[in-house]
Protein chains: 4
Amino acid sequence: MSEQGHNQLTTIVQRIESVEAEIKELGEGRKEIYLEAKSNGYDVKALKAIVARRRQDQEKLANHEMLVDTYEAALG
Amino acid sequence: MSEQGHNQLTTIVQRIESVEAEIKELGEGRKEIYLEAKSNGYDVKALKAIVARRRQDQEKLANHEMLVDTYEAALG
Amino acid sequence: MSEQGHNQLTTIVQRIESVEAEIKELGEGRKEIYLEAKSNGYDVKALKAIVARRRQDQEKLANHEMLVDTYEAALG
Amino acid sequence: MSEQGHNQLTTIVQRIESVEAEIKELGEGRKEIYLEAKSNGYDVKALKAIVARRRQDQEKLANHEMLVDTYEAALG
DNA sequence: CGGACAAGTTTGCCAC
DNA sequence: GTGGCAAACTTGTCCG
């Protein structure tokens, strides 16, 4: 029936909006963590720098692992 | 104990990284939803436009409430 | 002449700085308008809220036009 | 009459919006200058850095002048 | 001076 | 793969 397409669209949009609502919640949670840290005397900017740096380290590590896997595969 | 400050910092960073990991997961989930919709024949750009528009509507509504509060306060 | 590249760069920077000077002037003019309104008994915060709201309305309208275009394109 | 307050408010908002429209125009003009420079082979990021640096120099110079004036005044 | 708000800058994404 | 577009983050500004 012609209703089907509409319902499917509705479902898609709802799923996306649900996911985005969760993301927004988490983002606010993160902000609260930073504020709490700030009230405990931590420098937020420095904290963010640390987190960013560790994220880059992780990405670099992931790249390394991927390379190792690639080499292993190439070696049969 | 002298370990405390270190542990507090460690805890903060872990909590942030945990939240960010969840956000990343959800972002990937959203991407999959769009891909699935695309494979069902939907136009992704139009879908995103719809979601963006609905989000703006929500923001506008929230803004309206805030404005009412502002006016109330301004009227003393 | 070899002077040309330098002059072109000089011209560019001057044009940008000229524009930025005008922007700064206008920003100061806006501030004066708010101060004048305040001295006439208006609540500056509420005034700014009104202006912001009207701006959002305009943006929403512009967005609507964009959406219509998107839909048209999506419908091929 | 009660109309007066409304008209005054209207005038205020119109003046502000007029100023903001001019600011927006100028901002777009600046963007065009950067794009034009880019199409002439300049690095936009570097250009912006130059402009920012010169702005800081100007502020520093203005501070210096202000200090000189202050000293002159203090010396009678 | 500290937090709220806006501006600018950077980053990731998608279309070409 | 490149360049334009939209979103996130960072920086600066203004008010209380």
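For the numbers below, each heavy atom of this structure counts, side chains included, while hydrogens, waters and symmetry mates do not. Since we're looking at a predicted model, the values are computed, not measured. Proteins come first, then strands; the chains are lettered A, B, ... in the order of their sequence lines, and each starts at number 1.
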Task: Which atom of C/Thr70 lies closest to which atom of B/Ala46, heavy atoms considered - done: CG2-CA, 4.0 Å
TODO: Please tell me if the side chains of A/Asp69 and A/Glu72 come closer than 4.5 Å, counting only heavy atoms from C-beta onward.
DONE: yes
Open item on the list: From CE of C/Met66 over to P of F/dG4, roughly how many Å is that when rounded to an integer?
Closed with: 18 Å
TODO: Starting from C1' on F/dA7, measure out to CD on B/Gln56 and report it in whole angstrom.
DONE: 13 Å
TODO: For D/Lys45 and F/dG3, give me the distance from atom NZ to atom P, rounded to whole Å.
DONE: 16 Å
- [ ] Round to the nearest Å and state the distance from C/Leu67 atom CG to F/dC5 atom P.
- [x] 16 Å
TODO: Could you tell me whether D/Lys31 contacts a base, only the sugar-phosphate backbone, or nothing, with contacts defined as non-hydrogen atoms closer than 4.0 Å?
DONE: nothing
Task: CZ-CD distance between B/Arg54 and A/Glu20, expressed to the nearest 0.5 angstrom - done: 11.0 Å
Open item on the list: Around atom NZ of C/Lys60, are there more than 12 heavy atoms from other residues, nucleotides or ligands closer than 6.0 Å?
Closed with: yes
Open item on the list: On DNA chain F, does the nearest nucleotide to A/Ile23 precede the nearest nucleotide to C/Lys38 from the 5' side, or the other way round? Give the residue.
Closed with: A/Ile23
Task: Residue met sooner reading DNA chain F from 5', once A/Ala49 and C/Val44 are mapped to nucleotides - done: A/Ala49
TODO: Let me know the distance between OH of C/Tyr34 and P of F/dC15, rounded to the nearest Å.
DONE: 10 Å
Open item on the list: Just verifying a value: how many Å separate C/Leu35 CG and C/Arg30 CZ, rounded to the nearest 0.5 Å?
Closed with: 12.0 Å
Open item on the list: Before you tell me yes or no, could you show the steps for B/Tyr71 and C/Asp43 under side chain to side chain contact (heavy atoms under 4.5 Å, CB included), namely the whole-Å CA-CA distance, both residues' side-chain angles and the distance that decides it to 0.1 Å?
Closed with: CA-CA 9 Å; B/Tyr71 291 160; C/Asp43 182 85; over 6 Å; no
Task: Between CD1 on residue B/Ile33 and CD on residue B/Glu28, distance to nearest 0.5 Å - done: 12.5 Å
Task: Spacing between C/Glu20 atom CD and F/dT13 atom P, to the nearest angstrom - done: 12 Å
TODO: Considering only heavy atoms of chain D and a distance under 4.0 Å, specify the first and last nucleotide of DNA chain E in 5' to 3' order that meet this criterion.
DONE: E/dG8 to E/dT10
Task: Phosphate OP1/OP2 of F/dA8: any A/Arg30 side-chain N/O under 4.0 Å - done: no
Task: Residue mapping more 5' on DNA chain E - nearest nucleotide basis, B/Lys48 or D/Lys48 - done: D/Lys48
